[in-house]
Structures are given as structure tokens and as C-alpha cells.
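Residue indices begin at 1 and follow the sequence shown.
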Amino acid sequence: MKRKLGGKPAKPDRNDAALQRYKLQQVTRESGGSVHEEFAAEAGIYPPSGAPVSVRERTEDRAVRTTSEGQAPERSGTAYRWLGLTAIMLAVLSLFAFPALLGSTAAVLGLFAYSVGQRALGGWALAIGLISLAGYFILVPLYA
């Protein structure tokens, strides 16, 4: 509906209603059902199996997540911070004792920590663990 400068808005045409009705029928035909369905819900990211189910609430045009108990959810990845810290501790210990055992364990735990969201801790643990392991395999033949 175009509006002329300084003029009143044009009256809706009968064809507009017919066009809207045609579009609605077309969408209904193509979707195979109701127009108010949600498409591609399976393409979303699902929460981990142990996470509480979240309910979406709308507050001032923005979505706020709350858990089923009404509390704010825990930040992503903070539940696995212990994994990154454990991997870092093992990596540092592997520089001084048992580098084959502790270095490889630190590298594996660092990889797990990196994959669950503790990117910095996991990356450092992985790097230090692999350096310790490589140093062990390079230095042992020299002194054996």
C-alpha cells in the first residue's frame, strides 16, 4: 500500500486480501500442515544429557533463559573447569616426574577440556603435556 506525499494512505484493495489468502494457502500446502509450526527444530543444538531443561521467557524484546526451578543457568563450560585445572596440574608435574605417564594423561585430559569448552586451560595442558612427552622420548635415548 503506497502512500503519496502529503496524502492519505490508499484503501486496501480486494486483491490484497486475495493475495494474502493465496500466500497462506501456499505456505500451508508446502509445509504440509499448519502455518504456525516451527520448521527445522531438529537442526538446533541440544543441551547435554545431564543439563536441566530450560524454559524461554521473553522480557523486553530479548530472550532470557531460566531453568525449570527458576534459577539462572550455569555458564557454559564452568562445570568442567576442574578438568582443565587437573590437566594443567598433571602437565606441570610431568615436566618433573614420570613424563611418559603424566604427560600423556595431561594431553588427553587437555583435549577433553578443550572439547567441552575450557579452551585456554585445555590448550595449555595439551601443549605442555606433549612437550613433556616429546622431551622424554628425545632425552631418554641420549642418557640410557
Throw together a table of side-chain donor-acceptor distances under 3.5 angstrom for residues 120-130, partners on residues two or more places apart or in other chains.
none

Name the atoms and distances for all side-chain donor-acceptor pairs under 3.5 Å in residues 135-144, with sequence neighbours left out.
none

Could you go through residues 85-98 and list every donor-acceptor pair under 3.5 Å that involves a side-chain atom there, pairing it with any protein atom two or more places apart or in another chain?
unit_1	atom_1	unit_2	atom_2	d
T86	OG1	W82	O	2.7
S94	OG	A91	O	2.6
S94	OG	S132	OG	3.2

Same cluster for F112 and Y80 if Ile/Leu/Val/Met/Phe/Trp/Tyr side chains link at under 4.5 Å? yes

How long is the straight-line distance from CG of L19 back to CG of L24, given to the nearest 0.5 Å? 11.5 Å

